[in-house]
Amino acid sequence: MRLPSHSRPASPGRGRLLVVTLAALAGLSACAGFEPDYRKPGAQRLTGPELSTLLGGHTLSIVNARGKSYMNRFSKDGSIVISGSKGNEYGHWTVSGDRYCLTLDIDPRQQCMEIYKLPDGRYQMVNADGSLRNTFTVD
């Protein structure tokens, strides 16, 4: 006797497919819910004059996107010293429009970033492609 199609038990392959599909959908919704702090309400992009005031003559305690800590010391004359686990790197900084720009002595390519102030008082640097570069506080 043949069972009607609506009462046949599901094949094992269909069950696994359903589980994999549900897991993938759960993963996508988790990723869709992730939003960097600088994109959340209350974060404010700094203007050029605000960047100059924030950086010039100050030291930043930074944690990059990979969790490494280092310090950036900004002189008012435009020089910068970056101190980390591998020693010091030297370069120059400037503000161009509403972006902070850095050129290291070991790499002449200029890198420019936006800086956002977060509601909790920390700051985030954002690369030109929109990816998070680091999070920092001003000492």
Side-chain angles (χ1 to χ4, degrees):
M1 175 168 131
R2 186 169 182 189
L3 295 172
S5 63
H6 66 277
S7 30
R8 278 189 219 152
S11 69
R14 287 180 64 195
R16 277 189 285 259
L17 178 61
L18 178 61
V19 169
V20 169
T21 301
L22 290 175
L25 288 173
L28 283 175
S29 64
C31 289
F34 174 75
E35 186 172 33
D37 290 338
Y38 77 90
R39 289 189 180 159
K40 292 181 179 176
Q44 296 179 322
R45 182 177 172 195
L46 299 183
T47 64
E50 291 170 326
L51 293 172
S52 295
T53 300
L54 177 73
L55 302 175
H58 294 103
T59 299
L60 310 184
S61 295
I62 297 176
V63 177
N64 71 16
R66 290 183 231 124
K68 303 247 183 210
S69 298
Y70 54 100
M71 306 283 281
N72 283 11
R73 286 187 288 284
F74 292 82
S75 295
K76 289 187 177 186
D77 68 3
S79 62
I80 184 171
V81 179
I82 300 171
S83 302
S85 61
K86 295 180 181 178
N88 291 339
E89 292 186 35
Y90 302 89
H92 293 87
W93 70 278
T94 187
V95 172
S96 177
D98 291 334
R99 298 184 320 159
Y100 149 65
C101 297
L102 169 69
T103 305
L104 296 173
D105 292 351
I106 62 170
D107 182 358
R109 293 174 292 177
Q110 187 178 60
Q111 306 166 53
C112 294
M113 294 139 274
E114 297 173 349
I115 296 181
Y116 290 78
K117 184 174 184 179
L118 305 178
D120 66 5
R122 295 176 303 142
Y123 297 85
Q124 289 188 321
M125 281 187 205
V126 178
N127 293 312
D129 66 1
S131 63
L132 178 64
R133 184 179 186 101
N134 59 52
T135 302
F136 67 91
T137 58
V138 179
D139 296 339

Side-chain donor-acceptor pair present, Ser83, Asn88, cut-off under 3.5 Å: yes

Arg45 and Arg99, any side-chain heavy atoms less than 4.5 Å apart: yes

Heavy atoms of other groups near Gln110 CD, more than 12 under 6.0 Å: yes

Beyond-backbone contact of Met113 with Asn127, side-chain heavy atoms, under 4.5 angstrom: yes

Heavy-atom check, side chain of Ile82 versus side chain of Leu104, under 4.5 Å: yes

Tyr100 ring center near Tyr123 ring center (under 6.0 Å): no

Smallest separation among heavy atoms of Asn64 and Arg66, with atom names: OD1-N, 2.9 Å

Minimum heavy-atom distance between Ser61 and Met71, given as atom pair plus value: OG-SD, 3.4 Å

Shortest non-hydrogen contact from Ala43 toward Tyr38: CB-O, 3.4 Å

For Val63 against Ser69, the heavy-atom pair lying closest together: CG2-OG, 3.8 Å

Distance-minimising heavy-atom pair for Thr137 and Arg122: CG2-CG, 4.0 Å

Option from Gln111, Glu114, Gln124 for which side-chain hydrogen bond (donor to acceptor under 3.5 Å, both in side chains) with Arg133 holds: Gln111

